[in-house]
Structure formats: C-alpha cells, structure tokens
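We count ligands from 1, going down the list as the structure has it; atoms in each ligand are counted the same way. Treat the numbers as computed from the prediction; the structure is a model and nothing was measured.
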Amino acid sequence: MEELLDAVDALARVNRPELFDALTVPEEVSPLLDPFTYMDLKDDSIKGKGWFATQNLPAGTRLLVAKPIAAVLHWEDEPPESNNPDEMEAGDDDDDDDDDENDEDDDDEALFSGPEPEPRINELLLVDLLEELLDNKELWFNTLTQLFPRTNEELAALPAWVCPDDAMFMEVESLLEQLKLVLPAETVTEISKRLPHIVRYNILSMETCSELLSYPGPDGHSSLAGVALYHYPSFFNHSSRPNVNRWALGDLMFFVTNQDVTAGQELCISYLEHDVLCESPYRRNSMLRMDFQDGGEEENTHGRQVDVEEGPDMPVVDTDVQNELMGMNPLERIDAIDELLQQALGEKGPASETMELSDRPGWFRCDVHNLQILKAITLDAVGQSGKALELWDQAVLFTETCLPPADESGVMIRTQAALSALQTGDWQRAKQHAEIALRTHDLVFGGGVRFFRRRYRHDFALKLRPAPSGAAADLLQGKPPFELLWPLESS
Ligand SMILES: C[S@@+](CC[C@H](N)C(=O)[O-])C[C@H]1O[C@@H](n2cnc3c(N)ncnc32)[C@H](O)[C@@H]1O
C-alpha cells in the first residue's frame, strides 16, 4: 500500500496527470476485488438493488476495493482557454492581485468572460465510455446494462438528459454513429437513452487524502480529484446515516464499515459530503438532486416533497472563501472569520431588521465548523495554541456528533489537536488526541502507525506553529512532534 501511495504521490506532481493504468490493486488487498466475500446483492421494492451483509461485520471491515470502468479528472473539464498552463498562471496572479482593491475591475472582467461554463464532467465520462465501447462492446452487455436505470419504467421516471454543451453533444452523436458500425441499431438507441443516466446516477467523486490540510497545496493530491464510474460500488444505496465509509488512492476506491454491522443489514454509503448530513432533509435534498428524497432513515420518503426553508441551500464557506481568508494576514483574517462566524450563526444580517435574532436563518453547521478550523490554524500560526486547542476541541465535537462514525476528517482534527496540545506542553491531552487519531485512522485506512505516518507526512511537514518553547521544548528534546506522538514502535 505504501508503494501505491508513492505512485499516487508521483502522479499528483505531474502537470495534468493522466489516468491511471499505472495504478494497480496491490496484491495484499486483491481478494477485496471480490465483493461477495461479506456482502450479497438484494432487491428492495423502493431502492432497487443494494448490498447487504451476509455475516456480522465488525467496524473497520474492508468490504471491497474497486478500479473504475472509466474516470475523468476535474482538470480535464477546464475551459479551453485556461488549458494553457502559462495562461493559467497569469489568470491566477490576476485573481490574487484583484482580491481587495479592484472590485470594479473584477466586475469588468466578469462582463467580458461571461458566465461560468456548465460543468461537463459527466459528459466527458460519457464520451470516454462510448469510446471504450467501440473497442469493447461486451462492456455494454456484461457490465453497463446491470447498472441503474435498468428498466424502461426506471428510465421514464428520470428527468431527460440535457447536454450542457453543443460541441460535446456533437461528439456524443458522432460516437453513437460510429457504434452503429459494430452494434445493432436498436442496441445503440438503447445506449443513447440509458448511458447518460447510468453515468448521472452512478458516478462517484474520487479524491485522495482530501482531509489533509496539505491537500490543496503543492504536496497535496487535489490534481487527482475527479469522478469515476465503478461496477460493484454502483450498487451501494444512499443513507444519511451510512455504515460504510469510502476512500480513494488515485482511482482505486476502498469501502470499509464504519461501525459494527449485523448479518442481513443493508450496507450504505452517503452520496453527500459527510459534513452536510446533519442538516435538515430540505437542505440535504437540495444538494443531493437525485431521483429519491432523503428524509432520514426512519421514514420512507420516496417521491415526497420537503418544505422550502430560509437560508442558504449550500455551504457558504467553500474553497474560494477559504482561499480568500487564507490569503489575508493573520490578524485581518481573525477579524474576517469572526464576522463570518456571526453571520453563519444567524447573529447578523442578511435577514430583515425586524426579525428576531433566533429566527435568523443560519448557514450550514459545517460553515461554522470550517470557520473554526481556519481560526484554529490562524491562532496556532501566531503562537496562541492554547486558544487554538479550544477550537480544535470544538471541531472534534462536531466530527463526533454530526458526522458518521470514524470519519477521516476527525483524524485530521484529532491530529492537529494533539499537535496544539503538545505545543502548549500538555502531554496527557496531546497523547489522548494522538491515540484516538491513530486508532480511527487504522480502522478506516489500516496499516498501523506506519501507514498513518505515510499518509500524514505532508501535513507533518507543514510549518503550522512557531518553534516550541518552554514545556513543549522540554518534552520534544529537539525531535519532530510526530516522532513523539506517533513513534513507530507504537504499532
Ligand atoms: C448508484 S444507484 C444504487 C443502486 C441501485 N439501487 C440499483 O438498483 O442499481 C443509485 C440509485 O439507487 C436508488 N437509491 C439509492 N439510494 C436510495 C435511497 N436511500 N432511497 C431510494 N432510492 C435510492 C435511486 O434510484 C438512485 O438513483
């Protein structure tokens, strides 16, 4: 697995990495390519097919590893003019310069560049699949026809596919014409109707080590983010209380139970980011945009309408907001975060003046959580690790009360909490956070302390705190903090 991570690291450094024939399933996990070891497929009258446990499974059972049928990375969906790396850099610089001073210029630029183009990533995947079918028509009969939507009734219940881009539509049409040379016309008609929906309703996002603070930086793996269509994983249904977590290394996807599961229970993943699962059904459904309503486990809400709600439909503190905040100097940033926290908690605008404070619509709970993390990072950077630790503790509380069990973001937060506690010289607290971080990491990712240190090595290299002094320096004796908190002999 460590060799695989080395290969993934190398791929992530390449400008516009290509997928991923180089990444093969390591021998030690190859038995997991067989999904029927611990699970079986069953039919449910409402949800269709789904995976069910065939035996009692303890938390941390690796169920499945899968290689995709096709995958597309986000960089492949960049608009053509920004595909030139030189132009990209120039564009980035412009953005940075413009941030505060030249709002008017920003507006002018927006006028000239037009609206954001629609994402075409699903259609890029569709084109890849059609190209693959030209060489390997059995893929349709053996695999793709097994995936939802399988029947004409299922198909008829879905909204029509609308291609967001004329050029892509022409490409799809041309590939369908070429397919008519190798497949019967009625099969090609079937493919043209069903394949866009198969893509739309089965693809999974794929991100490597995305919980790490180093993820968006030069040593992170954000260049490998994309979407992929998998065969057996496509049969996992959605639950807002999932008992299965998934994680990726490149395009290899791993599925693991996050809690004890009893024989006969359904095994579900979440189709939503875990940090929005604690929101109301209205908000969850606004983001899910699927052909079913996610109303909570206890009720069957297939097709049910959920009431409209005040407040944003999506998290406000997205990557752009976070990048903008991280571009500020620390003191300015803390003020800006405090201001945003007030809004996020509904304590300040944009609701009407007459509105009671308690009635003001808040943002998502993960907005507050992410702002608190940014503030903790900032306080650590300016040497206030005691105050940072209080915020890391609040972030731990969020992950343990609002997220599914053993969520990987809890590992990152416990790791940072341990490092902040060590920085304050509080060895007991540091050790406690460190142990839980390692235990949770091992449950989800396996590989003991070695693999934890390997996955976290770029985070350990970040200079997030000043050089330790006082009790922390006495504890460390010149060693790097991770050596003290996660020594190799603890495995
Ligand atoms: C990725 S497929 C999952 C496997 C699918 N059930 C099948 O029969 O192949 C996604 C589709 O399954 C159904 N589905 C998944 N989770 C569901 C849920 N919680 N409630 C109702 N339908 C669900 C929806 O039709 C959705 O578009």
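Each of Leu252, Leu249, Val227, Leu73 was evaluated against Met206; a single residue qualifies, Leu73, per the side-chain contact (heavy atoms from CB on, under 4.5 Å) test.
By the criterion of a heavy-atom distance under 4.0 Å, the side chain of Tyr271, and not its backbone, is placed next to ligand 1. Counting heavy atoms under 4.0 Å from ligand 1, residue Phe292 touches it through the side chain alone. Under 4.0 angstrom from ligand 1, the non-hydrogen atoms of Asp291 all belong to its side chain.
Of the candidates Met290, Arg150, His197, Gln146, it is Arg150 that places a heavy atom closest to atom 7 (C) of ligand 1.
Ligand 1 does not have Ser239 within reach: every non-hydrogen atom of the residue lies 4.0 Å or more from it.
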For Glu154 and Arg194, run salt bridge (Lys or Arg N to Asp or Glu O under 4.0 Å): C-alpha distance rounded to whole Å, both residues' side-chain angles, the deciding distance at 0.1 Å, then the answer.
CA-CA 10 Å; Glu154 285 173 341; Arg194 277 179 57 196; over 6 Å; no
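Scored by the side chain to side chain donor-acceptor pair (under 3.5 Å) test, Gln372 finds Gln394 as partners (sequence neighbours excluded).
Looking at Tyr201 next to ligand 1, no N or O pair under 3.5 Å apart turns up. Residue His238 has at least one N or O atom closer than 3.5 Å to an N or O atom of ligand 1.
With ligand atoms numbered from 1 in the order given, ligand 1 contributes 3 (C) to contacts under 4.0 Å with heavy atoms of Phe236. Here is the list of ligand 1 atoms found below 4.0 Å of a heavy atom in Lys49: 4 (C), 5 (C), 6 (N), 7 (C), 8 (O). Close approach of ligand 1 to Asn237 (heavy-atom distance below 4.0 Å) involves ligand atoms 3 (C), 4 (C), 5 (C), 6 (N), 12 (O), 13 (C), 14 (N), 15 (C), 16 (N).
For Phe236 and Phe255, the ring centers are positioned less than 6.0 Å apart.
In the displayed structure, Tyr38 atom OH is contacted under 6.0 Å by at most 12 heavy atoms of other residues, nucleotides or ligands. By the neighbour-count criterion of 12 heavy atoms within 6.0 Å, atom CZ of Phe141 is densely surrounded, having more than that number from other residues, nucleotides or ligands.
In this pair, Phe451 and Trp247 present their aromatic rings tilted. The plane angle is within the 30 to 60° band.
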